[in-house]
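What follows is a single structure, written as structure tokens, with notes after it.
Labels below follow one simple rule: chain letters A, B, ... track the order of the sequence lines, proteins then strands, and each chain is numbered from 1.
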Number of protein chains: 2
Amino acid sequence: MHGTGSGPLHPVVSVPTSMYTAAVETSERLIDSAAELLWERGYVGTSPRAIQERAGAGQGSMYHHFRGKSDLAEAAMRRSAEQLRAQAEAQLATGRTAQEKAAAYLLRERDALRGCRVGRMAMDPDVIASEQLRAPVRETFDWLTGRLAAIVAEGVASGELREGLDPDDTAAAIVAVVQGGYVLARAAGSQEPFDRAVRGAVALLAAQAAPGR
Amino acid sequence: MHGTGSGPLHPVVSVPTSMYTAAVETSERLIDSAAELLWERGYVGTSPRAIQERAGAGQGSMYHHFRGKSDLAEAAMRRSAEQLRAQAEAQLATGRTAQEKAAAYLLRERDALRGCRVGRMAMDPDVIASEQLRAPVRETFDWLTGRLAAIVAEGVASGELREGLDPDDTAAAIVAVVQGGYVLARAAGSQEPFDRAVRGAVALLAAQAAPGR
DNA sequence: GTCTATAACGAGATAGAC
DNA sequence: GTCTATCTCGTTATAGAC
């Protein structure tokens, strides 16, 4: 990945001059455009042509910076994964207790009709068929469920949550509720089922407090 | 929908003779082939040509029986929805208590890597953009969440489940866990995250028993 | 680095013969 | 009802000029 624009006019470190010639590099615009289209239409529904048009770049530019559609898509998916991870990390750091942290993650404001930019890719046949393309999706959910499992485990260890609550199973259920909530919302054409699902999950978790607390 | 083959050689009721000429009608094979491909590759990833090849039918046959791709896809999605509904109804009828019924639905054996044939369509941009194509998906999840909400409501009314447990929110969460479980499984390339998520949901529900039961 | 030209192929549908 | 031919457009590149 190259540095993005708005760099210093007088670079203080030795870098290629080309990094400072454009407001935003063409390769950056291609990655962002690809990420948007992958979110909206998935991998099989996104053509190189559409990416180029949205980025305001020609055929030649795209094939100069990337080997092809899958190469650019992988870069775009890695960027989306980074953004989702930063966002989730911020939510998980919000609460004090395990319940508060999980609730902060679940209740984060989301446009459910757009779906999840990372989770969406898991339904794409060409993504699942390619180890290269699936990797960023797998890594994102591995990280997220692991992060939530650690939070639940801490809650059990500290006596906040009841003994016997399985951290891995609970974490998987929490992440699944969010991903499945997107499906329900898009099926219904409404945000409501998503909000119901996450509220339901928060309520189920609230009843897992250790007895006498 | 026409009657399927293996009909009597001497029809006892007055029906068009053509209904008895083939083992399985071409239009039926087209619908089944389309349903399979939609499950595997989604709407944007499925071409009329691929459907025809799988059904062993030519261009002419397809455009004789259906107005085009979306018309055939709608018929295929309605068939898939019927099948899912029958399957879910069987599971929900299994248990005695609300918890048993919900657990029977959640723990049903599924090939998580294949995903849900109905839920999958909710991620497809062309399906969501068309009221016609989205209808069977919306109706299926409306029915399923309504069915589960009624079961939870009965559980609360009978004193099995704690007062204050919201039936609609809980039902949405249950359905979302299953749909999200598919996403996690496909992202991981493994059945495991799906099994964890549904087990986690069953455990969360078990703790919603009314106090003193 | 970016552009245009070209190409081989598939998508999605229509037309008309049989 | 099913077949083959045809059509227009989009996809996913490669080639080479600028």
Side-chain angles (χ1 to χ4, degrees), chain A residues 1-3 5 15-31 33-34 37-38 41-76 124-127 129-130 132-133, chain B residues 1-5 15-31 33-34 37-38 40-76 124-127 129-130 132-133:
Chain A
M1 317 287 159
H2 306 138
V15 288
T17 309
S18 66
M19 288 182 68
Y20 298 95
T21 49
V24 178
E25 304 259 356
T26 299
S27 69
E28 294 294 309
R29 291 203 318 277
L30 284 165
I31 291 174
S33 298
L37 280 163
L38 289 175
R41 302 196 44 83
Y43 184 84
V44 294
T46 299
S47 69
R49 185 182 229 257
I51 298 170
Q52 293 152 24
E53 271 172 24
R54 186 169 296 207
Q59 293 271 97
S61 294
M62 195 195 108
Y63 285 99
H64 171 75
H65 291 289
F66 302 95
R67 283 190 302 274
K69 176 181 174 177
S70 68
D71 188 40
L72 172 51
E74 191 191 335
D124 202 295
D126 290 5
V127 170
S130 155
Q132 285 282 319
L133 289 176
Chain B
M1 313 293 157
H2 306 137
T4 49
V15 288
T17 309
S18 65
M19 287 183 69
Y20 299 95
T21 50
V24 178
E25 304 261 354
T26 299
S27 69
E28 294 294 308
R29 291 204 317 277
L30 284 164
I31 292 174
S33 298
L37 280 163
L38 289 176
E40 292 168 19
R41 303 195 44 82
Y43 184 83
V44 294
T46 298
S47 67
R49 185 182 230 258
I51 297 170
Q52 293 152 24
E53 272 172 23
R54 186 169 297 206
Q59 292 271 97
S61 294
M62 195 195 108
Y63 285 100
H64 172 74
H65 291 287
F66 302 94
R67 284 190 301 274
K69 175 181 174 177
S70 68
D71 187 39
L72 172 52
E74 191 191 336
D124 201 296
D126 290 4
V127 170
S130 156
Q132 285 282 320
L133 289 177

Side chain proximity check, B:Arg41 to A:Asp126, heavy atoms < 4.5 angstrom:
yes

Figure out the CG/P separation between B:Asp71 and C:dA13, and round it to whole Å.
10 Å

Minimal non-hydrogen separation, A:Gly42 against A:Asp124, with atom names
C-OD2, 3.7 Å

Nucleotide C:dG10, atom P - distance to CG of B:Leu37 in whole Å:
16 Å

Under 4.0 Å between a side-chain N/O of B:Thr26 and OP1 or OP2 of D:dG1, yes or no?
no

Heavy atoms of A:Arg29 and A:Val24 approach each other most closely as NH1-O, 3.3 Å

Does A:His64 make a side-chain N or O approach to OP1 or OP2 of C:dC3 shorter than 4.0 Å?
no

Within the 4.5 Å heavy-atom criterion, are A:Ser61 and A:Gln52 side-chain neighbours or not?
no

Protein-proximity profile, nucleotides 4-18 of chain D, B/S/- by nucleotide at the 4.0 Å heavy-atom cutoff, equals B------SSBB----

Closest non-hydrogen atom pair between B:Leu30 and B:Ala57, with its separation
CD2-CB, 4.1 Å

With a cut-off of under 6.0 Å to the ring centre and 45° to the axis, is B:Lys69 in cation-pi contact with B:Tyr43?
yes

